[in-house]
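Take a look at the structure below.
Residue numbers start from 1 in every chain, and the chains themselves are labelled A, B, ... in the order their sequence lines are given, proteins ahead of strands.
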2 protein chains.
Amino acid sequence: MRQELERLKELSLAEHLARLHRRWRTVAEIELAPLGLTYPRWTALWKLLRLGDKVSQKVLANALEIELPSLMRTLGQLEEQGLIERHCCDKDKRARIVALTPAGKETLKTIETRIIQVRMDLLEGISPTELNEFERIISLITDNANQKLAKITSTDL
Amino acid sequence: MRQELERLKELSLAEHLARLHRRWRTVAEIELAPLGLTYPRWTALWKLLRLGDKVSQKVLANALEIELPSLMRTLGQLEEQGLIERHCCDKDKRARIVALTPAGKETLKTIETRIIQVRMDLLEGISPTELNEFERIISLITDNANQKLAKITSTDL
DNA sequence: AGAATATAGTTAGCAAGCTAAGTATTGTAC
DNA sequence: GTACAATACTTAGCTTGCTAACTATATTCT
């Protein structure tokens, strides 16, 4: 009986995780929408600044923890909005270097306080210790998943 | 300086959460794919069983923490596969009652051990106490997000 | 009872992640 | 130095979440 309840709970974990992910995104989206920025767009901008403004698309995708094709669409939109530029790279002609435009930097300044406010609101009532622990468990489960994925794909050969 | 680092970390939290969500789904998907079941399909089947087999679409959507239109597509696929049926409800002619077919029940038996195995693998190395704490923080952030959403949408009126 | 509102379901179409497959360039191994 | 492998990008198309707008039924308020 207790075992049955545990099973139920464990199934819910994945669902709760999914729900939290969607809600977080929705909140962030609503806050930044008036500026014409969706969630993937402003996280890309933000991350680009943190990485030092001029990086390859590959590096940016890795930092954002998404695949290159997923990033492509977003960068296309940001380019159209005039917030970023994509240059050729002299050292590696395959690569394209992404850089913030002046307009992009200006926009980032405007949204910074909003982004920080959203985070503070969502993490209200959680101590730094709890947050660290939370991050640790996320990493642990992610590692487990990655290991399992590696095992599965290798045996598929 | 330290404050700057904290900000970086907090931005990452949302991304780590998103990544974990995608990895979890991917692992589950690969394990169940040979049976013709994607993640939303088998979670719907599973949840349906836990809810007692005969419930309205609305109730099932709530339990799965997704919106009705999202569920519709999945139920359509499961119906086509002959794993569920949708009946009219006598008491409320708007509602449609979802029920497992014998084939659906049979399939559930087959996948049950696999589902439980995936969960155990992903949660390996995490104590029940840690897991409870993890769930608690998820709920807390989700509540914060919901409150913020409620506030935003109400002031929009 | 009749009008206004709310609810369950449905349809249509958007968003943003993914994989698979293709191209151009680079790096590596004889 | 030439052939093979790996890398960075791109394109095309799938998936499954969502919201908006619609219908049919149920509920609530005078």
Side-chain angles (χ1 to χ4, degrees), chain A residues 14-15 17-30 32-33 36-44 55-79 86-98 145 149 152-153 156, chain B residues 14-15 17-30 32-33 36-44 55-79 86-98 145 149 152-153 156:
Chain A
E15 290 159 357
L17 211 55
R19 180 182 56 176
L20 172 54
H21 166 228
R22 296 195 304 267
R23 293 290 152 84
W24 192 315
R25 160 164 295 196
T26 304
V27 170
E29 201 110 321
I30 290 174
L32 276 302
L37 291 171
T38 64
Y39 182 86
R41 285 187 219 176
W42 68 255
T43 49
V55 293
S56 74
Q57 298 185 145
K58 178 73 174 174
V59 168
L60 186 53
N62 279 344
L64 288 167
E65 305 179 0
I66 58 177
E67 300 301 319
L68 252 178
S70 308
L71 181 60
M72 294 290 299
R73 189 196 292 119
T74 304
L75 290 182
Q77 294 162 342
L78 288 171
E79 201 172 24
R86 288 189 273 196
H87 311 290
C88 293
C89 177
D90 294 331
K91 291 180 186 172
D92 187 340
K93 284 180 184 166
R94 292 169 303 179
R96 291 178 76 189
I97 303 300
V98 188
L149 276 177
I152 293 167
T153 50
D156 271 359
Chain B
E15 289 159 358
L17 210 57
R19 180 181 56 177
L20 173 54
H21 166 228
R22 295 195 303 266
R23 294 291 152 84
W24 192 314
R25 161 165 296 196
T26 304
V27 170
E29 201 111 319
I30 290 174
L32 276 303
L37 290 171
T38 64
Y39 182 86
R41 285 186 218 175
W42 68 255
T43 49
V55 293
S56 73
Q57 300 186 142
K58 178 73 175 174
V59 168
L60 185 54
N62 279 344
L64 288 167
E65 304 180 1
I66 57 176
E67 300 301 317
L68 250 179
S70 308
L71 181 59
M72 294 288 301
R73 188 196 293 120
T74 304
L75 290 182
Q77 294 162 341
L78 288 171
E79 200 172 25
R86 288 191 271 197
H87 310 290
C88 293
C89 177
D90 294 332
K91 290 180 187 172
D92 186 340
K93 283 180 185 168
R94 293 170 305 178
R96 291 180 76 189
I97 302 302
V98 187
L149 277 177
I152 294 167
T153 49
D156 270 0

Q) So which nucleotide from D/dC18, C/dT26, C/dC18 ends up closest to the side chain of A/Asp92? A) C/dT26
Q. Between atom CE in A/Met72 and atom C1' in C/dT19, what is the gap in whole Å?
A. 15 Å
Q | Protein-nucleotide distance (A/Leu71, atom CG; C/dC18, atom P), rounded to Å | A | 10 Å
Q: Send over the distance from A/Lys58 NZ to D/dT7 C1', rounded to a whole Å.
A: 8 Å
**Q.** Under 4.0 angstrom between B/Arg86 side-chain N/O and C/dG9 OP1 or OP2
**A.** no
Q: Can you tell me the distance, in whole Å, between the CZ atom of A/Arg19 and the C1' atom of D/dT16?
A: 18 Å
Q) When you check the phosphate oxygens OP1 and OP2 of C/dG17, does a side-chain N or O of A/Arg25 lie under 4.0 Å from one of them? A) yes
Q | Proximal nucleotide (of C/dT25, C/dC18, D/dT16) relative to the A/Lys93 side chain | A | C/dT25
Q: Name the closest nucleotide to the A/Pro69 side chain, picking from D/dC18, C/dC18, C/dG9.
A: C/dC18
(Q) With a 3.5 Å distance limit and no angle check, can you tell me whether B/Arg41 reaches the backbone of B/Gly36 through a side-chain donor-acceptor pair? (A) yes
Q. Atom CG in A/Leu60, atom OG1 in A/Thr43: separation rounded to 0.5 Å?
A. 9.0 Å
Q. Can you tell me if the side-chain N/O atoms of A/Ser70 get under 4.0 Å from OP1 or OP2 in C/dC18?
A. yes
Q: Indicate, with a heavy-atom threshold strictly under 4.0 Å, whether A/Thr26 touches base, sugar-phosphate, or nothing.
A: nothing
Q: Take B/Arg73 and A/Gln57, find for each the nucleotide of DNA chain D with the closest heavy atom, and name the residue whose nucleotide sits nearer the 5' end.
A: A/Gln57
Q) Any side-chain heavy-atom pair from B/Ile30 and A/Leu149 closer than 4.5 angstrom? A) yes
Q. In whole Å, what is the span from the CG atom of A/Leu37 to the P atom of C/dA16?
A. 11 Å
Q: Tell me whether the OP1 or OP2 atom of C/dA8 has a side-chain N or O from B/Ser56 closer than 4.0 Å.
A: no
Q) Which nucleotide, C/dG9, C/dA6, D/dT16, lies nearest any side-chain atom of B/Arg94? A) C/dA6
**Q.** Per A/Arg22 side chain, nearest of listed nucleotides D/dG17, C/dC18, C/dA8
**A.** D/dG17
**Q.** Short side-chain to backbone donor-acceptor contact, A/Glu29 and A/Tyr39, under 3.5 Å
**A.** yes
Q: Take the protein atom CG of A/Leu75 and the nucleotide atom P of C/dG17, then report the distance between them rounded to whole Å.
A: 11 Å
(Q) Counting the atoms with a prime plus P, OP1 and OP2 as sugar-phosphate, which does A/Gln77 contact under 4.0 Å by heavy atoms, base, sugar-phosphate, or nothing? (A) nothing
Q. So what does A/Ile66 touch, heavy atoms closer than 4.0 Å: a base, only the sugar-phosphate, or nothing?
A. sugar-phosphate
Q) Are the side chains of B/Arg22 and A/Ile66 in touch, meaning some heavy atoms are under 4.5 Å apart? A) yes
Q: Would you mind reporting whether B/Glu79 and B/Leu75 have side-chain heavy atoms less than 4.5 Å apart?
A: no
Q) Atom OH of B/Tyr39 to atom P of C/dG17: distance rounded to whole Å? A) 18 Å
Q) Rounding to a whole Å, what distance do you find between B/His87:NE2 and C/dG9:C1'? A) 17 Å
Q: Give a yes/no answer on whether the side chain of A/Thr74 brings an N or O atom under 4.0 Å of OP1 or OP2 in C/dA16.
A: no
